[in-house]
Amino acid sequence: MPEMNLFSDIRTLVVDALDALVAEGALPAGLDYAGVTVEPPRDALHGDMATNAAMVMARPAGLKPRDIAEMLAAKLLADPRIVAADVAGPGFLNLGLDARVWCAIIPAALEKGADFGRSTLGAGRKVNVEYVSANPTGPLHVGHTRGAVFGDALASLLDFAGYQVTREYYINDGGAQVDVLARSVYLRYLEANGQEVQFPDGTYPGSYLVAVGEALKDKYGDALVDEPESEWLEKLRDFSTDAMMDLIRADLASIGVRMDVFYSEKSLYGTGLIEAALADLDSKGLIYEGVLDPPKGKQPEDWEPRVQTLFKSTLHGDDVDRPVKKSDGGWTYFAPDIAYHFDKVQRGFDELIDVFGADHGGYVKRMKAAVSALSDGRVPLDIKLTQLVKLYKNGAPYKMSKRAGTFVTLRDVVDQVGPDVTRFHMLTRKNDAPLDFDFDKVQEQSKDNPVFYVQYAHARICSVLGKAAAAGIDTGRETLLAADLSEIRHDAEVKLVRKIGEWPRLLELAAVNHEPHRLAFYLYDLASDFHALWNRGNELPELRFLQESNPQRSVAKISLISAVAVVLSAGLGILGVTPMKEMR
RNA sequence: GGCCCCGUAGCUCAACCGGAUAGAGCACUCGCCUUCUAAGCGAGGGGUUGCAGGUUCGAGUCCUGCCGGGGUCACCA
């Protein structure tokens, strides 16, 4: 059992038992076990694990669920791991496991360390996670931060679950906004050359371009000052986007995000890739010249029918067909997007994930349609939308004004609260739920703050290890692996062991659902169970981890909490958060 | 108006491709602090999962229609 996933182990046991019943003729042959699950029961009173096998099999077998459950229970009880099998409710089978089965998770965790829970679920399938992909026109802001943290944690999660992951950023450097950037930089360049400048509407007045203007002066002196736009625009596009990407890369680095690939939209032009992508669609009969209907309901005032080159995305689930060429013959922005995803498909990815801001929700269907068409439905594209971040300061909404240039940047956030707090907090919400971010509350050191609570659990364990060493107790790896785990028998301890046992399963669930926030919630629960046990030591001295007069028992308890530390550390690692060794 | 997301305890949110009596935290009530770190702990009250239908042995979860909030809507990326 390479993955040490107790739930899949027991599921295998259940399936084997079903097979045995089939062999005996008690159940008909040819049953589909796909719907059979083994999961932790909602209520701990229901035992250690519950399976729905009897209910799933009842209809195809033509038997009553409870009757099947009874037969199944008899079979399962023959296995030494199963100490109880009770039929309950409509046909659930509640299983009780031998405590030793649970406790085996402890040496497994200690053995694997940071790799505990690593799964082969992905089977090496290649998955591309595209995230951030902010326009290269300025520093990243809070909205981008959430996308960056989410995408990065998702990528790490998939990596841990056995996928071969590529982290990718698509640079929108081919459109008109790059010209705007170049003109804005030119103004800063004139300023650097001593001129008074105004920033008209449609330029970027942000002060972050001051340094770029000065760098430009360092390079060209005053040579470009009296030149017409046609002379400098091309030069400044590259110079400016390079500068912005340096800025963005540094922003990303400040929260620990490092991309494998930065893919330039501009690099698509002139390579024939756009043409090839559209030719591919054309060969499938999905490109035509036509006129779109006006949008239903609200009609734009300046709307008029035009003949355009259209992609028949409606055949792949979209609501309307989408233009790929403008009426002047140039590409729409959608065309390079198609080509870019075509390239991803051609690079051999088995699965694609795009992380967009919620304001891009309107592009989901067309992108999925494009990938579906380009890959003939072979490559799934999942698009995760990250909802808005609402900023607060001391409970009061923190207003941003784009016009006044006071929008909050990623750097503002990271400089104030640090990367760990930023990352963890942004992962304590589902991606499609809005997120409140209070600069003060996220830094609070109390139980109310999940970031602290989880970190504190890890630090506490480290503290105990330190005390143990000071007390002369050997907590070396070999000693812990050899611990006598029959010492672990109190309910609060066993509860903690079970929680550790859920980690491999939880990880896989989070991975298949593309939901890293589940790790954050799990880690909070794990920390909570640990803190609870710690506090029980107040009233029941025998629950304290260090038993002065009993080194052997201490070692058993320390192996338990070391396993907790392993999971906390592995989980935080996936989320990109440093496990603290001490809190100060 | 079309499409997408959301609607769960007073508040902020979970709920494992549909499972048992829908769970946490905050707030509230009660009881606990000379400790391996009380920067807390334990117990309790609190619900027609927006509304109305449907599918199912079983629905917060899937389908349909409404209500409410947000986002978005052809030749801008």
Side-chain angles (χ1 to χ4, degrees), chain A residues 7 34-35 37 39-43 45-46 50 52 55-56 58-59 64-65 88-92 94 135 137 172-178 265 291-300 302-306 308 310 318-323 325-330 332-334 336-337 357-365 385 387-388 428-430 432-434 436 444-450 452-453 456 459-460 463-464 466-468 471 502 505-506 508-510 512-513 515 517-518 521 524-525 528 531-532 534-539 541 544-548 554 557 561 582-583:
Chain A
F7 293 88
T37 62
E39 43 191 61
R42 228 173 221 173
D43 191 332
L45 294 174
H46 291 142
N52 63 353
M55 290 183 292
V56 176
R59 177 185 290 272
K64 290 180 184 167
F92 281 100
N94 292 325
N135 286 342
T137 54
N172 282 291
D173 55 2
Q177 80 277 7
V178 171
E265 175 194 353
V291 181
L292 287 173
D293 291 332
K296 294 191 166 51
K298 192 198 82 177
Q299 186 166 324
D302 57 346
W303 194 90
E304 51 185 79
R306 292 185 188 85
Q308 294 168 301
L310 300 168
D318 202 355
D319 303 313
V320 292
D321 293 339
R322 305 291 176 178
K325 261 188 192 173
K326 299 189 261 188
S327 48
D328 68 4
T332 64
Y333 66 87
F334 188 38
D337 279 351
D359 57 339
H360 284 61
Y363 308 113
V364 170
K365 285 191 179 182
L385 301 177
Q387 268 294 346
L388 258 58
T428 54
R429 276 299 97 97
K430 248 185 318 205
D432 52 8
D436 290 345
E444 204 172 275
Q445 300 211 334
S446 77
K447 184 184 182 292
D448 306 346
N449 183 358
F452 167 77
Y453 199 60
Y456 187 37
R460 265 184 160 173
S463 161
V464 173
K467 299 258 182 194
E502 285 177 29
R505 177 174 180 274
L506 178 113
E508 294 189 346
L509 283 169
V512 298
N513 289 295
E515 292 184 338
H517 77 274
R518 293 191 193 208
F521 282 95
Y524 180 82
D525 284 346
S528 176
H531 287 306
W534 174 293
N535 286 301
R536 291 299 295 279
N538 293 337
E539 21 170 323
R544 298 184 186 178
F545 305 127
L546 296 183
Q547 302 285 321
E548 282 181 30
S554 298
K557 289 169 183 289
I561 62 171
E582 62 178 339
M583 312 287 290

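Sequence lines set the chain letters: A, B, ... in the order given, protein chains first and strands last, and positions in each chain run from 1. Please read all numbers here as calculations on a predicted model, not as lab measurements. We use all heavy atoms of the structure for the numbers below, so side chains are in, but hydrogens, waters and symmetry mates are not.
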query: What integer number of Å spans the P atoms of B:rU64 and B:rG23?
result: 29 Å

query: With nearest nucleotides of RNA chain B determined for A:Glu548 and A:Tyr453 from heavy-atom distances, which residue corresponds to the more 5′ nucleotide?
result: A:Glu548

- request: Apply side chain to side chain donor-acceptor pair (under 3.5 Å) to A:Glu265 and list each qualifying residue two or more places apart in sequence or on a separate chain.
  value: A:Tyr269

Pairwise P distance for B:rC6 and B:rG50, with rounding to whole Å: 12 Å

message: Between B:rC16 and A:Arg505, counting only base atoms on the nucleotide and side-chain atoms on the residue, is there a donor-acceptor pair under 3.5 Å?
response: yes

task: With sequence neighbours excluded, tell me which residues meet side chain to side chain donor-acceptor pair (under 3.5 Å) with A:Arg518.
output: A:Glu515

task: Pick base, sugar-phosphate or nothing for A:Glu265, based on heavy-atom distances below 4.0 Å to the nucleic acid.
output: sugar-phosphate

B:rA9 and B:rG53, which share atom name C1', separated by this distance in whole Å: 26 Å

message: With rounding to the closest Å, how many angstrom separate the C1' atoms on B:rC41 and B:rC36?
response: 16 Å

message: Quick test of the criterion, 5.5 Å between centres and less than 30° between planes. Is A:His531 stacked on B:rG40 or not?
response: no

message: Over all strands shown, is A:Ser327 touching base, sugar-phosphate only, or nothing at heavy-atom distances under 4.0 angstrom?
response: base

- prompt: Mind checking what makes side-chain contact (heavy atoms from CB on, under 4.5 Å) contact with A:Val512, not counting sequence neighbours?
  reply: A:Leu121

- prompt: By salt bridge (Lys or Arg N to Asp or Glu O under 4.0 Å), which residues pair with A:Asp525, not counting sequence neighbours?
  reply: A:Lys499

- prompt: For A:Leu385 and B:rG70, what is the distance between atoms CG and P respectively, to the nearest whole Å?
  reply: 18 Å

field: ring pair (Phe, Tyr, Trp, His ring centres under 6.0 Å) partners for A:His517, two or more places apart
entry: A:Phe521

message: With a cut-off of less than 4.0 Å, is there a side-chain N or O of A:Ser463 near OP1 or OP2 of B:rU37?
response: yes

B:rC51 versus B:rC67 - spacing of their P atoms, nearest Å: 15 Å

Euclidean distance for P, B:rC5 against B:rU61 (whole angstrom): 15 Å

message: Over all strands shown, is A:Tyr524 touching base, sugar-phosphate only, or nothing at heavy-atom distances under 4.0 angstrom?
response: sugar-phosphate

query: When you match A:Ala358 and A:Asn94 each to their closest nucleotide on RNA chain B, which lands nearer the 5' end?
result: A:Asn94

- line: Residues at least two apart in sequence or cross-chain that pass side-chain contact (heavy atoms from CB on, under 4.5 Å) with A:Ser327, listed by chain then number, are A:Arg306

Interface polar pairs with nucleotides 9-13 of chain B, N/O, under 3.5 angstrom:
| residue | atom | partner | partner atom | Å |
| --- | --- | --- | --- | --- |
| B:rU12 | O2' | A:Arg429 | NH1 | 3.2 |
| B:rC13 | O5' | A:Arg429 | NH1 | 3.3 |
| B:rC13 | O3' | A:Arg429 | NE | 3.4 |
| B:rC13 | O2' | A:Arg429 | NH2 | 3.4 |

- request: Assign A:Arg544 to base, sugar-phosphate, or nothing according to its heavy-atom contacts below 4.0 angstrom with the strands shown.
  value: base

Salt bridge (Lys or Arg N to Asp or Glu O under 4.0 Å) partners of A:Asp318, counting only residues at least two apart: A:Arg322

- prompt: What integer number of Å spans the C1' atoms of B:rA20 and B:rG58?
  reply: 10 Å

- prompt: How would you list, by chain and number, every residue that makes a salt bridge (Lys or Arg N to Asp or Glu O under 4.0 Å) with A:Arg505, sequence neighbours excluded?
  reply: A:Glu39

field: Residues in salt bridge (Lys or Arg N to Asp or Glu O under 4.0 Å) contact with A:Asp319, at least two apart in sequence or another chain
entry: A:Lys365

Grab the N/O contacts between the protein and nucleotides 17-19 of chain B below 3.5 Å, and write none if there aren't any.
none

query: Which part of the nucleic acid, if any, lies within reach of A:Ala58 when heavy atoms closer than 4.0 Å are counted: base, sugar-phosphate only, or nothing?
result: nothing

task: Using a heavy-atom cut-off of under 4.0 Å over every strand shown, decide if A:Arg322 touches base, sugar-phosphate, or nothing.
output: nothing

field: Distance between C1' atoms of B:rG46 and B:rU8 (Å, rounded)
entry: 14 Å

- request: Can you run through RNA chain B from 5' to 3' and write each base as (, ), [, ], | or . depending on how it pairs? Watson-Crick or G-U wobble, both distances under 3.5 Å.
  value: (((((((..((((.....[...)))).(((((.......))))).....(((((..]....))))))))))))....

